[in-house]
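Each ligand, and each atom within it, is numbered from 1 in the order the structure gives.
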Amino acid sequence: MSQDDGASLLRSPERRGSDSIKWQRYAGRDVLPLWVADMDFAAPQPVLEALQARIAHGVFGYAHPWPSLTDAVVDGIARHHGWQIDADWLVWLPGVVTGFNVASHLAGEPGDGILAMTPVYPPFLSSPRLAGRKLLRSDLLQVGESWIPDWEDLHTQASQARMLMLCNPHNPVGRSWTRQELQHIATLAEQHDWLVMSDDIHCGLVLDPQRPYTPLASLDEDIARRTITLMAPSKTWNIPALYAGFAIIPDAPLRRRYQHAMQGLVPHLNVLGLVATEAAYRDGDAWLDALIAQLRDNAHTVQDAVAAMPGLTTTPVEATYLAWLDCRALAGHGVSDAAAFFEQHGVGLSDGKDFGAPGFLRLNFGCPPALLAQALQRMRSALATLA
Ligand SMILES: Cc1ncc(COP(=O)(O)O)c(C=O)c1O
């Protein structure tokens, strides 16, 4: 499956038989993997060239982030998201999951509550427990074509929480929270003196121009003071296994507490991840434009295909390359495990139960259109067997 297209900046080298977790899961079986959140596209050429140049140097001693790297990140966040951060606010991290697990240790005292809006990326569900805290779930509500916070429930649970774990844009429902929604969250945070961890790893992947990404901490000084924002180049430029990311913590005392909690547990970053981060933020815009155009097409393809699939519904994806499919109606046709059903018919999807929502599936459309079309065709054929 080499889908190289000279006219495009997006290359899709063969991944079967490689080290890919996504493809290895179904090694030796004819199952198209549309599950774990990485894309089947090679990283941007400037990132590859920066990595090659660094490798050619040949010495891989311990490295600190350097000024042109922090400049690239600060400038990139200002250019892409209109948020002017200070380089001093950055705390480098070898992964965003590590970053939010550190944050959970700062939420009040052991036994205190941490709120998360569900369904959500599975490590959110385990993070409070791993830090000796209690998970408080607030289920998102589906209203028409969109998923929204259940404000009444959030207000009810607010006083039991010491921290909110926000996912913006939200994996798996694909929402890019509006300024108004974020303002509501900020008001709750201020009223109840919450710490907020905002996982913004997907913020570079906005597909709907009507739903620009707004960083929660950019709203005002009070919310900035209580927010730990996590970002990484990993999803946007498809370099997740290079493990480079950062927290943005404007408040100096909170930043010191966070760095203290990291001590002895969180390692320094791999120098190749740092090199790739600089190149991505500084020179990755052209590739990203091509990617967003492809992902928009793919998102429409998924919407149209699912609309014609009996028993399945979905909602428009504002951001991310992940579609959230409601398959609960399939139970009426004898399909109690939709993930297993589609896997038997040659498509590997993520099971919603891992996100706290049995009966749903997450479909990763970060792949070449031909592969996506083939997978959707297999899903149609699978459903035809139920008639
Ligand atoms: C919301 C969210 N946070 C974090 C991660 C993973 O972050 P990392 O690999 O940097 O730990 C993912 C990966 O899918 C994600 O969707």
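In this structure, the side chains of Q183 and T214 stay at 4.5 Å or more apart for every pair of heavy atoms. The closest side-chain heavy-atom distance from R175 to P169 is not below 4.5 Å. At a threshold of 4.5 Å between non-hydrogen side-chain atoms, the residues V73 and F246 count as touching. A heavy-atom distance below 4.5 Å is found between the side chains of L272 and I55.
Under the ring pair (Phe, Tyr, Trp, His ring centres under 6.0 Å) rule, F355 has a single partner from W324, F124, Y121, which is W324.
Protein heavy atom in closest approach to atom 8 (P) of ligand 1: V96 N, 3.5 Å. If you check which protein heavy atom lies closest to atom 11 (O) of ligand 1, you get V97 N, 3.0 Å. The protein non-hydrogen atom at the shortest distance from atom 9 (O) of ligand 1 is Y243 CE2, 3.9 Å. Here the protein heavy atom with the shortest distance to atom 13 (C) of ligand 1 is K235 NZ, 2.7 Å.
The side chain of D199, and not its backbone, has at least one atom closer than 4.0 Å to an atom of ligand 1 (non-hydrogen atoms only; side chain from C-beta on). Using a 4.0 Å cut-off between heavy atoms, I201 contacts ligand 1 through its side chain alone, with no backbone atom that close. The part of C167 lying near ligand 1 is the side chain, judged by heavy-atom distances below 4.0 Å.
With Y121, F100, F124 as candidates, the residue nearest to atom 12 (C) of ligand 1 on a non-hydrogen basis is Y121.
Between T98 and ligand 1, no pair of N/O atoms sits closer than 3.5 Å.
You'll find the ring centres of Y281 and W237 inside the 6.0 Å limit. For H260 and H105, the distance between ring centers is not under 6.0 angstrom. Aromatic ring centres of W147 and H170 lie farther apart than the 6.0 Å criterion allows.
Which parts of ligand 1 touch H202 is read off a 4.0 Å heavy-atom cut-off, strictly below it: atoms 1 (C), 15 (C), 16 (O). Close approach of ligand 1 to N171 (heavy-atom distance below 4.0 Å) involves ligand atoms 15 (C), 16 (O). Below 4.0 Å from some heavy atom of G95 lie the following atoms of ligand 1, by number and element: 10 (O), 11 (O). The distance from ligand 1 to the heavy atoms of A37 drops below 4.0 Å at these ligand atoms: 14 (O).
Geometric assessment of R362 against the ring of W35 yields a negative cation-pi assignment under the 6.0 Å and 45° thresholds.
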